[in-house]
Amino acid sequence: MSTDGTIHARGIRKSFGPKTVLQNIDLDIASGEICCIIGPSGSGKSTLLRCINGLETVDQGILKVNGENFGYYETDSAYHALPPKKLAEQRTRVGMVFQQFNLFPNMTARENVMAGPVLVKGTDKKQAAKRAHELLASVGLASFGDHYPAQLSGGQQQRVAIARSLAMDPEIMLFDEPTSALDPEKVGEVLSVMQDLAKKGMTMVVVTHEMGFAREVSDSLIFMDDGFIVERGDARKVLRDPKEPRTRAFLEKVL
């Protein structure tokens, strides 16, 4: 299986009932690119991530993730939904970290990180446990493998969630406001793990309110509003000198 780490979207539309939440989305993210998505609540940011991860299917348009049509295959005359097994395989290559940590409460940190490889990939338990220990160490939690989620702070739980996603060896990591449920003093510990990932060349798409992180770490920045991509460009340039009035009005409120 080829590694790729790219995302390519053309003319993506997505509606829930009468409400259109994504409109005419064009997007290219290169392998190893760090892209931050900002914008007001309800602008379609999370839905875009969920489409890239296969949690939602697009209504219209082309979506290629890791170089493959995502969720469907093409014949000369039509698009067809992929069989569930093939879609599940595609999704293992895209890690996702949510606002809420979504850890299994009845499993230790180590067991949470082992679960995907053992249950989905059939990895040997001993091997999975060794890898889980390495990953927990990489997010600064080497000595917390036997702790249950309830015994961990929010920041620690979110770092376990990141380790759990990495255990599947994804080519792309998606983060949906990964620090918004955290106490302010815990935000830094999660952002520093994400900075380390960025240095290793992981493709990352991050929905965030952390403008400092966007400025320091991301290559590109997307501003979304009302289901559209309003502006896209170099993160530092957009934050310093946005071209679109709507972007400027938003940034004046949050910076």
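Since the model is a prediction, treat every value here as computed from it, not as a measurement.
- Across all non-hydrogen atoms, the minimal contact from Asp225 to Pro40 is OD1-CG, 3.3 Å.
- Placement of Ile38 and Leu255 within a single hydrophobic cluster is found when ILVMFWY residues are connected by side-chain heavy-atom separations under 4.5 Å, directly or transitively.
- Among residues at least two apart or in separate chains, ring-ring contact (aromatic ring centres under 6.0 Å, His included) pairs with a member in residues 141-195 are Phe144-His147.
- Within the 3.5 Å criterion, the main-chain N or O of Asp4 finds a donor-acceptor partner in the side chain of Ser31.
- Side chain of Asn66 to main chain of Gly5: a donor-acceptor pair is present (N/O by atom type, distance under 3.5 Å, no hydrogens or angles).
- Both Met194 and Leu166 belong to a single network of hydrophobic side chains, linked directly or stepwise wherever heavy atoms of I, L, V, M, F, W or Y lie under 4.5 Å apart.
- No side-chain heavy atom of Val97 sits under 4.5 Å from any side-chain heavy atom of Val190.
- A donor-acceptor contact shorter than 3.5 Å is absent between the side chain of Arg93 and the backbone of Glu171.
- Interatomic distance, CD1 of Ile25 versus CD1 of Ile12, reported as 8.5 Å (0.5 Å rounding).
- Leu174 and Val65 fall within the same hydrophobic cluster, where Ile, Leu, Val, Met, Phe, Trp and Tyr residues are linked whenever their side-chain heavy atoms come under 4.5 Å apart, directly or through other members.
- The side-chain heavy atoms of Phe101 and Arg164, taken from C-beta on, include no pair separated by under 4.5 Å.
- Asn53 contributes no side-chain N or O that, together with a main-chain N or O of Leu55, makes up a donor-acceptor pair within less than 3.5 Å.
- Linking Ile, Leu, Val, Met, Phe, Trp and Tyr residues whenever their side-chain heavy atoms come within less than 4.5 Å places Leu152 and Leu182 in a single cluster.
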What do the steps show when you test Lys186 against Gln158 for side chain to side chain contact (heavy atoms under 4.5 Å, CB included), and what is the final call? CA-CA 10 Å; Lys186 302 292 182 193; Gln158 192 60 297; over 6 Å; no
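- The CD atom of Gln99 sits 9.0 Å away from atom OG1 of Thr179, with the distance rounded to the nearest 0.5 Å.
- Leu251 and Val230 end up in the same hydrophobic cluster when Ile, Leu, Val, Met, Phe, Trp and Tyr side chains are linked at under 4.5 Å.
- Side-chain contact between Glu252 and Pro242 is absent, with no heavy atoms from C-beta onward closer than 4.5 Å.
- Judged purely by distance below 3.5 Å, without hydrogens or angles, the side chains of His80 and Thr75 pair a donor atom with an acceptor atom.
- Distance CD/Gln156 to CG/Leu103: 11.5 Å, rounded to 0.5 Å.
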Step-by-step side chain to side chain contact (heavy atoms under 4.5 Å, CB included) determination, Glu189 to Ser153: CA-CA 11 Å; Glu189 60 192 45; Ser153 71; 4.1 Å; yes
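- Comment: Arg10 engages Asp28 in a salt bridge, judged by a side-chain N to carboxylate O separation of less than 4.0 angstrom.
- When all heavy atoms of Ser43 and Gly39 are compared, the pair lying nearest together is OG-C, 3.9 Å.
- Using a distance-only test at 3.5 Å, with no hydrogens or angles considered, a donor-acceptor pair links the side chain of Asp124 to the main chain of Lys126.
- Atom CZ in Arg91 sits 12.5 Å away from atom CG in Leu82 (nearest 0.5 Å).
- Partners of Ala214 by side-chain contact (heavy atoms from CB on, under 4.5 Å), not counting sequence neighbours, listed by chain and number: Cys36, Ser218, Leu221, Leu239.
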Using side chain to side chain contact (heavy atoms under 4.5 Å, CB included), reason through His8 and Phe70 one step at a time and then give a plain yes or no. CA-CA 10 Å; His8 169 82; Phe70 199 79; over 6 Å; no
Starting from the C-alpha separation in whole Å, work towards a yes-or-no answer on side chain to side chain contact (heavy atoms under 4.5 Å, CB included) for Ile37 and Val205. CA-CA 7 Å; Ile37 305 178; Val205 186; 3.7 Å; yes
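- A donor-acceptor pair under 3.5 Å links the side-chain atoms of Asp26 to the main chain of Gly11, judged by distance alone.
- The two residues Val113 and Ala163 have their closest heavy-atom pair at CG1-O, 3.8 Å.
- Here the side chains of Glu210 and Val217 are not in contact, with every heavy-atom distance at 4.5 Å or above.
- In this structure a side-chain-to-backbone donor-acceptor pair under 3.5 Å is missing from Lys45 to Met224.
- Between the side chain of Glu33 and the backbone N or O of Asp219 there is no donor-acceptor pair closer than 3.5 Å.
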Per-pair distances, 0.1 Å, donor-acceptor, side chain in residues 127-143, under 3.5 Å, sequence neighbours excluded:
{"residue": "Lys130", "atom": "NZ", "partner": "Glu134", "partner atom": "OE2", "Å": "3.2"}
{"residue": "Arg131", "atom": "NH2", "partner": "Asp169", "partner atom": "OD1", "Å": "2.8"}
{"residue": "Ser138", "atom": "OG", "partner": "Leu135", "partner atom": "O", "Å": "2.7"}

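- Across all non-hydrogen atoms, the minimal contact from Leu63 to Ile7 is CD1-CG2, 4.5 Å.
- Side-chain contact between Ile162 and Leu197: present, with at least one pair of heavy atoms (C-beta onward) separated by less than 4.5 Å.
- With sequence neighbours excluded, the residues that form a salt bridge (Lys or Arg N to Asp or Glu O under 4.0 Å) with Asp59 are Lys14.
- With sequence neighbours excluded, the residues satisfying salt bridge (Lys or Arg N to Asp or Glu O under 4.0 Å) with Asp146 are Arg110.
- For the ring pair (Phe, Tyr, Trp, His ring centres under 6.0 Å) test, residues two or more places apart in sequence or in another chain that qualify with Phe250 are Phe223.
- At least one donor-acceptor pair closer than 3.5 Å links the side chain of Ser165 to the backbone N or O of Met96.
- Put simply, the side chain of Glu231 never gets that close to the backbone of Thr247: no donor and acceptor are under 3.5 Å apart.
- To the nearest 0.5 Å, atoms CD (Glu216) and CG (Leu191) are separated by 9.0 Å.
- At a threshold of 4.5 Å between non-hydrogen side-chain atoms, the residues Cys35 and Ile222 count as touching.
- Shortest non-hydrogen contact noted between Met168 and Lys121 is O-NZ, 2.9 Å.
- Between the CD atom in Glu56 and the CG atom in Leu48 there is a gap of 11.5 Å [rounded to 0.5 Å].
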